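Being a predicted model, the structure only gives us computed values, none of them experimental. By convention here, the first residue in the shown sequence is residue 1.
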Amino acid sequence: EGLTPEARQSKLIVGPWPHSLSKSRKTGDIDFGADSEVDLDAMELRWFNYWLKGEQNGIVDEPPLRLFIMGANQWRAASDWPLPETQYTPYYLRSQGGANSMFGNGILNTSPPSTEESDQFVFDPNHPVLTVGGSTCCSEDLTPVSMGPRDQQQVEWRPDVLVYSSAVLDQDVDVIGPVKMTLYAASDAPDTDFTAKLVDVHPNGSVINIAQGIIRARYRDSWEAPTLLEPGKIYEYTIDLWSTSNRFLKGHQIRVEVSSSNFPQFDRNPNTGHAFGMDTETRIAHQTIYHDEEHPSHILLPIVPTN
């Protein structure tokens with residue numbers, strides 16, 4: 001933190017761009033519209049002209065935050081982060097014990113579960129779920145991994161991906177802020193990974209990724225003092241999906257994917273519990289995701305009133 005009021009001045013602009021910044025209105029599979037294109041050089045010049053040349057151009061009187069709302073494809077000014085009017089709302093994982101793939105019976109809603117069957121899937125590190133888009137580095141011409149918003153249907157066809165979907169929305173829902181997942185899960189392996197992905201289901205059937213996260217089980221309580229799992233024991237995991245700003249439009253669905261890999265963006269967990277990089281052994285992990293009264297697995301969405 002700066003020592004003077006002047007040093008504590010800051011501006012944050014968050015747009016839907018890759019490393020090429022605002023030079024294109026399209027990122028991944030999505031065209032974010034003409035309003036997504038901004039002249040960042042001109043914004044920076046105003047900032048430097050005020051502080052370095054004393055030019056009274058009014059930039060410090062403007063709100064410190066400027067956020068792009070995906071889906072709505074419009075900008076929103078804000079005075080603080082997270083937005084003061086944020087309503088953190090849990091959306092619970094629900095199913096009849098068969099949430100596997102987009103063809104399963106997984107449901108996502110705001111009603112806490114009571115007595116429900118758990119969901120199971122098998123994680124084979126030799127056949128991981130492949131990365132399709134997301135917050136990966138660079139573009140396909142530089143790396144073999146796709147980036148940005150991409151259709152996730154090929155991911156959701158897999159039985160080792162659990163899929164939980166809301167009802168079709170009868171009104172717009174703005175999700176703006178940090179997103180976290182609370183997951184109650186057990187594994188028969190001494191160590192494993194769990195992943196979570198927030199996606200936007202469009203009326204045409206496309207499934208666009210919005211935010212994602214992963215946790216390595218041995219670090220569930222501490223980075224400094226990792227501990228292995230007791231096979232079959234239920235643990236509570238907190239998965240950080242970082243932050244987003246997206247309007248889930250009327251007629252769309254809010255969806256969450258749960259699995260144990262997202263490769264090669266994240267390295268595969270060999271599930272052995274051994275020190276990483278010290279051998280080539282792998283093992284299959286049988287995973288169980290719980291969502292009942294004692295284990296209310298849910299994603300916590302920062303919902304903001306729409307403008």
For the student: nearest non-hydrogen atoms of Asp240 and Val179, plus distance:
OD1-O, 3.7 Å
Which heavy atom in Asn271 sits nearest to a heavy atom in Ile284, and how many Å separate them?
ND2-C, 4.2 Å
Check the pair Thr244 / Met70 against side-chain contact (heavy atoms from CB on, under 4.5 Å), numbers first and verdict last.
CA-CA 9 Å; Thr244 192; Met70 299 180 294; 3.6 Å; yes
Donor-acceptor side-chain pairing of Thr238 and Glu236 below 3.5 angstrom
no
Carefully, step by step, assess Arg255 and Glu156 under the rule side-chain contact (heavy atoms from CB on, under 4.5 Å).
CA-CA 11 Å; Arg255 177 175 288 176; Glu156 294 185 355; 2.5 Å; yes
Working to the nearest 0.5 Å, report the span between CZ of Phe123 and OG of Ser187.
9.5 Å
Between Arg216 and Asp267, is there a salt bridge with N-O shorter than 4.0 Å?
yes
Under 3.5 Å side-chain donor-acceptor pair for Ser260 and Asp193
no
Honestly curious: do Val201 and Leu162 fall in one hydrophobic cluster under the side-chain, below-4.5 Å linking rule?
no
Just by distance, with hydrogens left out, do Asn262 and Thr195 show a side-chain donor and acceptor under 3.5 Å apart?
no
I'd like to know if Asp172 and Lys250 make a salt bridge, using a cut-off of under 4.0 Å between side-chain N and carboxylate O.
no
Given the rule in the salt bridge (charged side-chain N to carboxylate O under 4.0 Å, His left out) test, do Lys26 and Asp31 qualify, once you have shown the distances and angles that lead to the verdict?
CA-CA 4 Å; Lys26 185 175 182 180; Asp31 185 335; over 6 Å; no
Nearest non-hydrogen partners of Ser206 and Gln153, listed with the distance
CA-NE2, 3.8 Å
side-chain contact (heavy atoms from CB on, under 4.5 Å) evaluation trace for Val60 with Trp51:
CA-CA 10 Å; Val60 294; Trp51 290 108; 3.9 Å; yes
I'd like to know whether Val175 forms a side-chain contact (heavy atoms from CB on, under 4.5 Å) with Tyr91, so could you lay out the CA-CA distance, the side-chain angles of the two residues, the decisive distance to 0.1 Å, and finally the verdict.
CA-CA 12 Å; Val175 174; Tyr91 278 69; over 6 Å; no
